[in-house]
Every structure is written in C-alpha cells, then in structure tokens.
Amino acid sequence: MTISEEDLVREVSVLTVQRLHSWIRLGWVRPERREGAAHFHDVDVARVRLLCDLEHELELDEDTVPLILSLLDQIHGLRNELRSVAVAIDEQPPAVRDRIASAYRRIAEG
Amino acid sequence: MAKDPYEVLGVAKTASADEIKKAFRKLVKQLHPDLHPGEKKLGDRFKDVASAYDIVGDEAKRAKFDKGEIDAAGQERPEQRFYREYANSGGARHYQSNAGFEDLGDVSDLFSDLFGRSSAAGANMPGRNVHYRLDVDFITAALGGQQRITLPDGKQLGVTIPEGVADGQTLRLKGLGHPGRGQGPAGDALIEIHVRPHAVFERKGDDVVSELAVTIDEAVLGGKVEALAISGRVMVTIPKGSSSGQTLRLKGKGLKGKRGAFGDQLIRLKIVLPKAIDEELETFMKAWRESHAYNPRAE
C-alpha cells in the first residue's frame, strides 16, 4: 500500500511540496519510483512526519537535521544487527549459548 | 486524555505563548519516540504533550479552553505510527546505514562476513490507518446511534456513535484500515467526529445549555411550561418572579460524560413581551409604576 505525493502533502498538514522535493533531492526521503511517479510506503510517511517534527516543532536548521537523521539511521542499523545477532545466538544449543555468554562477560568487564 | 494541558506542559496558566512554545520544545526533545528508539513507554507521554500543545499552543483554541468552551478531552490526536516502529521491525532497511559499525569487521571475521550481505526488505508490515471525517447531528451525538459512512472504494461501514460523543473526538475501528503486508496486521479506521450545531442546544462540557422564552405573566406569576430537552419535550416549572437570564437546572438531562455520569440541562429564561403592547397593559403599567417604582440597575 503506497500513497501519492499529493495525498502525502494533504495528509501531513505542515508539509509543503517544496519541502518534500528538497528532502527527496537530499536523499532524506526515498520513495519508490514507478512509472515516473513517487510512491510513498508507510515507512516513508512516518519518516516524513519525523522530519516535519524536527524542522517544524523543534525548529532545527537544515544543517542539524541531517546530523540527527544520520545518527538515527546508524542507531537503527546497529539495533537491527544487534537484534539479528541476539536471535542467532538464541538459536544455538545451550552449551554454545553459555560459552558465548561467559566470553561476552569476560570481554565486556575486562 | 483529560489532563490539564498547562499541567502536562508544566507551565503556568498565565504563561506567554513564547514560554509555552519553549516548554513544548523541551519536552519534544525529551519525549519524542523517534529520538529515543529503544524507550518503549515514551509514546503515551509524547501524545499527551502533543495534544496539550494542540490546545494551548494555538491562540484561538487556548482562549476557548481558558473560557471553558472546549475541554482537554476529545482533543486527542489520532494515533500516530512513529518512524521507529518501522525501523525497529526491520521495515526501514533502505534508510539504515552500516557506517556506524563497518570497523567492527576488523575485530571479527564473522562480522566482516556477515555485513557484506545485502539486506532483505521487511516482509511483515502493519497496514496504515485510514482517517475519515463523519458529520453527526447534535441529537445523535447526544443520544448515541448508528450511522453509515461510505468509503472511497464504495463500501459502506456502520459506525456506532457512542452516547455523548464530543465534537472532534476520534473513534477507532480496529482492523478496518489498510491491509498489512505479509503477516502484518491491518491498520485501523480512525473516524473524527464533527458534531453539527443545533438551533436550540449548545454543549458546555457535559451540560446542555438552551434558552427558553417565557411570557411576562409566566415570569411574574410562575407556572408550568413545555421546554425542549435532548430526549424530547419536558414540563418545567417557572418559579414565581423569574427574571431574564435566570437559569433552571434539569439534573441529569445533559450529556453522558467520560465517566458515565450525565451532565445537566441548563435552561436560561428570556422574557418576551407581547408583539404589541395593548392599552390595558399600558394603563396598568403606568398606574403600577406610580406606586412601585424600582431600579434593578442600582444593585
């Protein structure tokens, strides 16, 4: 399920087409391109709302927003990898899990 | 939510618009769920803050709120899905960057193996919520009822209007939004209620305010007259010697409030003279004035 640019601007009240275009140009928002038109997935819509909050409600300037965005993207990247590692460890037999756990404690505390 | 918006923002009722904005911005930094990806409980508090600012951050709404014309309830923001929900469920991989831990490949052969791979798109995503607006007449909103809305795709949806629903309140119909992707659950339909104004009744909190015209003789002598209540016609007693502006209170004849109790109906009396003043009335008044002059402005 995706929505068009017009619907997005209508749905997010503080958003203007100009703002949206400049975010797309900067690569902050990356909608799917199909048949020459932009299609926004739910995740893109949520990201646009976040950008609106940063620029509009927090009144951050254009230099600060990419800094925060980049840190957030790194945190989410890390969290996802950490989650995958945790699940992968969880799938191991108990003996392997225990060995990983004690190695972890040794390294983290050492 | 029905919390006092000033309290939620931690400002005095007398705070300037600037102070309110400052307090709001500080709280957004502390509470915005997307600035704190792992802290689960922030969502609700942020919603309260945002709803509070929706009222007192807007000059017109704040004035109305201060005068008691609107209350904090029913100003609730529709549920928002924050970016972190997608990012945390793996739905935002095309935005995520590996830049933060590329160097870990140097300490772990396993990591350098693993992080060479390209990522798969999130398969299970919850569906989007759909927003509707529904106009409801005053009496249906007061007494509750059923109403149908036609969706953009032509399908009809039956909506149960709860008794006493307030203007601007949002109803949530679980699972009636857009379908989810993969195993993801469907979104919800969020229906914002707009209550049409009524010719006689006005809502004030859980009370209903109306005006009742009475004749000069009813005002002087008192009596029983018929009045309109939201549930239909009722007989009310006009006390002997009533003035314009005096209010009769019909206990429990108001709207059903958030906690299930009913408000009252307040009937403001308005004395209306006959269209034409006949000679008899005029003569009587002249004579009466001679011996019974009074000055209500003196009080």
Side-chain angles (χ1 to χ4, degrees), chain A residues 1-3 7-8 10-14 23-24 26-33 40-60 64-85 87-89 100 103-104 107, chain B residues 21-22 24-29 32-38 46 49-50 53 57 78 80-102 104 107-108 110-111 114-115 117 119 121-122 125-131 177-181 184 186-187:
Chain A
M1 190 65 212
T2 58
I3 63 170
D7 284 345
L8 178 61
R10 204 172 308 133
E11 189 171 313
V12 183
S13 52
V14 295
W23 291 344
I24 294 173
L26 291 161
W28 299 356
V29 180
R30 292 167 221 156
E32 188 187 329
R33 293 264 167 206
F40 295 86
H41 286 274
D42 297 345
V43 54
D44 304 318
V45 176
R47 194 167 166 101
V48 162
R49 285 192 199 279
L50 166 60
L51 284 167
C52 286
D53 284 351
L54 293 177
E55 284 197 354
H56 194 80
E57 308 212 307
L58 286 177
E59 291 181 7
L60 297 181
T64 316
V65 173
L67 181 71
I68 288 174
L69 208 54
S70 146
L71 288 173
L72 273 178
D73 288 342
Q74 289 181 48
I75 287 176
H76 284 302
L78 279 169
R79 288 172 56 84
N80 266 329
E81 296 302 346
L82 184 61
R83 197 175 295 115
S84 305
V85 170
V87 173
I89 294 172
I100 294 173
Y104 171 83
I107 296 159
Chain B
K21 196 171 186 186
K22 235 187 199 161
F24 171 65
R25 207 174 300 156
K26 202 168 154 197
L27 286 168
V28 171
K29 282 181 195 158
H32 197 300
D34 279 335
L35 298 178
H36 307 269
F46 180 74
V49 167
Y53 190 67
Q80 184 185 343
R81 258 181 212 293
F82 289 100
Y83 179 72
R84 68 174 189 179
E85 292 177 45
Y86 298 98
N88 283 343
S89 62
R93 287 194 192 262
H94 62 298
Y95 286 124
Q96 281 157 22
S97 107
N98 287 16
F101 48 97
E102 264 173 351
L104 291 183
V107 281
S108 159
L110 179 66
F111 268 42
L114 292 177
F115 296 152
R117 57 144 170 73
S119 54
M125 291 254 294
R128 236 158 41 83
N129 293 337
V130 202
H131 297 263
H178 289 298
R181 219 191 290 171

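Labels below follow one simple rule: chain letters A, B, ... track the order of the sequence lines, proteins then strands, and each chain is numbered from 1. As the structure is a computational prediction, the values presented were derived from the model and not from experiment.
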With a 4.5 angstrom heavy-atom cut-off, is it the side chain or the backbone of [X] that approaches chain B, or both, or neither?
X: A/Ile68; result: side chain
X: A/Leu54; result: side chain
X: A/Val48; result: neither
X: A/Arg47; result: both
X: A/Leu72; result: side chain

remark   = Looking only at A/Ile3, A/Leu71, A/Leu69, A/Ile75, the option with the highest number of non-hydrogen pairs under 4.5 Å against chain B is A/Ile3
ask   = Has the side chain of B/Tyr95 got a donor or acceptor atom that lies under 3.5 Å from a matching backbone atom of A/Arg30?
value = yes
key: Any donor-acceptor pair under 3.5 Å from B/Asp34 side chain to B/Tyr83 backbone   = yes
query = Is the closest side-chain heavy-atom distance between B/Leu27 and B/Tyr53 below 4.5 Å?
reply = no
request  = List the steps and the verdict of side-chain contact (heavy atoms from CB on, under 4.5 Å) for A/Leu51 and A/Val12.
outcome  = CA-CA 11 Å; A/Leu51 284 167; A/Val12 183; over 6 Å; no
remark   = The interface call for B/Arg25 against chain A, heavy-atom contacts under 4.5 Å, is both
ask   = chain A heavy atoms under 4.5 Å from B/Lys26: which part of the residue, side chain, backbone, both or neither?
value = neither
inquiry  = Ring-plane angle category for B/His32 and B/Phe46, please: parallel below 30°, perpendicular beyond 60°, tilted otherwise.
reply    = tilted
task = Take B/Lys21 and A/Glu59, measure what side-chain contact (heavy atoms from CB on, under 4.5 Å) needs, and give me the verdict at the end.
result = CA-CA 11 Å; B/Lys21 196 171 186 186; A/Glu59 291 181 7; 2.9 Å; yes
